[in-house]
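Below: one structure in structure tokens.
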Amino acid sequence: MRTQVVIVGAGPSGLLLGQLLHKAGVDAVIVERQSAGHVLSRIRAGILEQVTADLLDEAGVGERMHREGLVHNGFDLLWHDRRNRIDLEGLTGGKKVVCYGQTEMTRDLMDARRAAGLPSYYSAANVAVHDFDTAHPHVTFEHEGALLRIDCDFIAGCDGFHGVCRASAPREAIREFERVYPFGWLGLLSDTPPVHHELIYVNSPRGFALCSQRSLTRSRYYLQVPLSDKVENWSDQAFWDELRLRLDQPAREALVTGPSLEKSIAPLRSFVTEPLRFGRMFLAGDAGHIVPPTGAKGLNLAASDVKYLAGALIEYYAERSEAGIDSYSERCLKRIWRGERFSWWFTQLMHQFPEQGEIHAKFQQAELEYLLHSEAGKRTIAENYVGLPLDFGD
Ligand code: RFL
Ligand code: PHB
């Protein structure tokens, strides 16, 4: 079998890339390790920047997001029992974000791909990438008992943090930067109305909490927990009790609780791979970088990688120009490092770090006092949260 681009991974990066390439007449095959049902069962991001929402429109899959997504023009930051509104719209000259679950976005992309009759292999085992340092790369895998091989011009590694593409890059050609945080996020999804019409980010002495949502009737909440905690030791009741202790009185009173639909613990990590191109193989999304979820940047950075990669590949086929391909890694990494910096900084600002001693707590207190009493301070949060421009000058 032969195609122009093999996309490894059918998460949001791989599916979005497939759709953008299809729109431009470039052929791609997607190879995914899990079943489609499993991909859709993962509960992840909730906040889309304007850049990401625009890209869904460009890919022709934005219709349901416009209908069902909730436009948010601000969020609350709760600290010392006081709510501080970050007026995203007012502070950034009109920018907003859309609350629309990654699961829904993935479903829309899968449906569009199926409707267009585009080839995808789910439940593919032993996926391997070969010869990407030559002009003739190929991908092999097992599917329904058969060993398959796809020859291609390019491989797009959209296979997430634990994927095979980054792991196949030559060790001497790759640099990795990593920080692992000493806590995780325990998340709970429930069919209950959100406690507030916007998100509430909470810095409480008991640890960080986040009140998010998926719709007017579905809520998503998170708690900072020690890495040693096991999800099976957190009953729903224990979760709701702890969340209440981290909220202010109005939120405690407004909180509607109910049985969990999903509960899981995610570790927090900052991670960047340099470069993002190895010959004819490119890394995009979580395959190349991870952020702690505090700044809601992971999916949005994945989307901007995909925008650059789709543009570069389309340019290659339309004009036989390698300019976009050659600048892909550098262009992405500029935006990635800005997203990484904000996510790291906002994580430091909002979580408890008892192992860093009292001086860290004092610095954090002084920084929050400064930021929340300063228009410029709030603007720096807002500008980063809505998403920095796609391209900065040098
Ligand atoms: P994914 O979603 O991990 O998809 C990769 C796909 O590749 C498949 N795969 C393989 N396929 C074939 N062969 C192999 N050897 C393979 N190995 C893996 C996997 O099965 C999978 O289907 O990466 P992608 O597409 O780059 O998307 C990235 C996003 O998923 C991620 O950045 C966000 O979810 C991060 N994130 C958030 N981002 C935001 O922008 N806003 C948010 O509000 C936000 N909240 C979050 C988040 C991530 C979280 N967790 C659980 C880490 C909240 C949480 C709790
Ligand atoms: C979510 O709704 O899952 C979510 C929202 C904002 C974040 C992280 C996660 O910063």
Side-chain angles (χ1 to χ4, degrees), residues 6-18 30-36 38-49 51-52 70 72 75 97-103 105-106 109-110 120-129 139-143 155-168 184-189 194 198-201 208 210-215 218-222 262 264-269 271 283-306 339 342-343 346-347 350 385 387:
V6 173
I7 300 173
V8 183
S13 300
L15 288 165
L16 186 56
L17 179 64
I30 295 188
V31 180
E32 162 63 49
R33 179 164 62 184
Q34 305 287 356
S35 68
H38 183 275
V39 172
L40 286 174
S41 71
R42 297 186 296 225
I43 310 297
R44 290 188 173 176
I47 295 291
L48 309 185
E49 295 173 3
V51 167
T52 309
L70 304 168
H72 284 199
F75 64 81
V97 294
V98 183
C99 186
Y100 190 63
Q102 178 170 329
T103 316
M105 168 179 162
T106 308
L109 285 160
M110 276 184 183
S120 312
Y121 292 88
Y122 283 91
S123 306
N126 296 321
V127 179
V129 290
V139 176
T140 55
F141 56 97
E142 288 159 33
H143 187 255
I155 297 171
C158 299
D159 50 348
F161 185 63
H162 300 288
V164 68
C165 292
R166 190 183 72 251
S168 304
W185 277 19
L186 169 65
L188 181 147
L189 185 74
E198 295 179 339
L199 270 59
I200 312 177
Y201 286 82
F208 172 82
L210 172 60
C211 305
S212 184
Q213 52 193 258
R214 290 291 176 272
S215 69
R218 184 167 283 188
S219 301
R220 180 71 165 159
Y221 296 102
Y222 295 99
E262 192 264 2
S264 53
I265 295 181
L268 267 66
R269 173 191 317 270
F271 174 86
L283 304 180
D286 280 14
H289 44 86
I290 297 287
V291 285
T294 324
K297 286 282 161 271
L299 176 59
N300 293 300
L301 287 177
S304 50
D305 290 357
V306 165
F342 174 64
S343 305
F346 202 38
T347 301
M350 295 303 293
Y385 193 85

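Whatever order the structure lists them in is the order used to number ligands and atoms, beginning at 1. The figures that follow rest on heavy atoms only: side chains count, while hydrogens, waters and symmetry mates do not.
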What does the N/O contact table under 3.5 Å look like for ligand 2?
from	atom 1	to	atom 2	distance (Å)
ligand 2	2 (O)	S212	OG	2.6
ligand 2	2 (O)	R214	NH1	2.7
ligand 2	2 (O)	R214	NH2	3.4
ligand 2	3 (O)	R44	O	3.2
ligand 2	3 (O)	R214	NH2	2.8
ligand 2	3 (O)	Y222	OH	2.6
ligand 2	10 (O)	Y201	OH	2.8
ligand 2	10 (O)	P293	O	2.8
ligand 2	10 (O)	T294	O	3.2
ligand 2	10 (O)	A296	N	3.4

query = Does an N or O anywhere in R220 fall below 3.5 Å from an N or O of ligand 1?
reply =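 No, R220 has no N/O under 3.5 Å of an N/O on ligand 1.
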inquiry  = What I want to find out is whether R220 reaches E262 closely enough, with some N-O distance under 4.0 Å, to be called a salt bridge.
reply    =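 Yes, this pair counts.
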inquiry  = Once side chain to side chain contact (heavy atoms under 4.5 Å, CB included) is applied, do any residues pair with T106, and if so which ones, sequence neighbours excluded?
reply    =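 Only P12, L15, V39, L40, Q102, M110 meet the side chain to side chain contact (heavy atoms under 4.5 Å, CB included) criterion with T106.
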inquiry  = Using a 4.0 Å cut-off to any heavy atom of G11, which atoms of ligand 1 qualify?
reply    =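 Selected atoms, number and element: 4 (O), 6 (C), 22 (O), 25 (O).
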request  = Using heavy-atom distances, let me know which of G14, G9, G387, C158 sits nearest atom 5 (C) of ligand 1.
outcome  =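 The option holding the nearest heavy atom is C158.
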task = Determine, considering heavy atoms only, which of H162, M105, R33 sits nearest to atom 10 (C) of ligand 1.
result =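 Minimum heavy-atom distance to atom 10 (C) of ligand 1 goes to R33.
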ask   = Out of R44, R42, Q34, whose heavy atom is nearest to atom 3 (O) of ligand 1?
value =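 Residue with the shortest heavy-atom distance to the ligand atom: R44.
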task = Pick, from A36, S13, G285, the option with the minimum heavy-atom distance to atom 24 (P) of ligand 1.
result =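 Residue with the shortest heavy-atom distance to the ligand atom: S13.
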ask   = Applying a 4.0 Å heavy-atom criterion (strictly less than), which segment of Y222 is in contact with ligand 1: side chain, backbone, both, or neither?
value =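 Within the 4.0 Å criterion, Y222 contacts ligand 1 through side-chain atoms alone.
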request  = Heavy-atom distances under 4.0 Å are what count here, so tell me which part of V127 touches ligand 1: side chain, backbone, both or neither.
outcome  =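 Only the side chain of V127 comes within reach of ligand 1.
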query = Any N/O of G46 closer than 3.5 Å to an N/O of ligand 1?
reply =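 Yes: some nitrogen or oxygen of G46 is under 3.5 Å from one in ligand 1.
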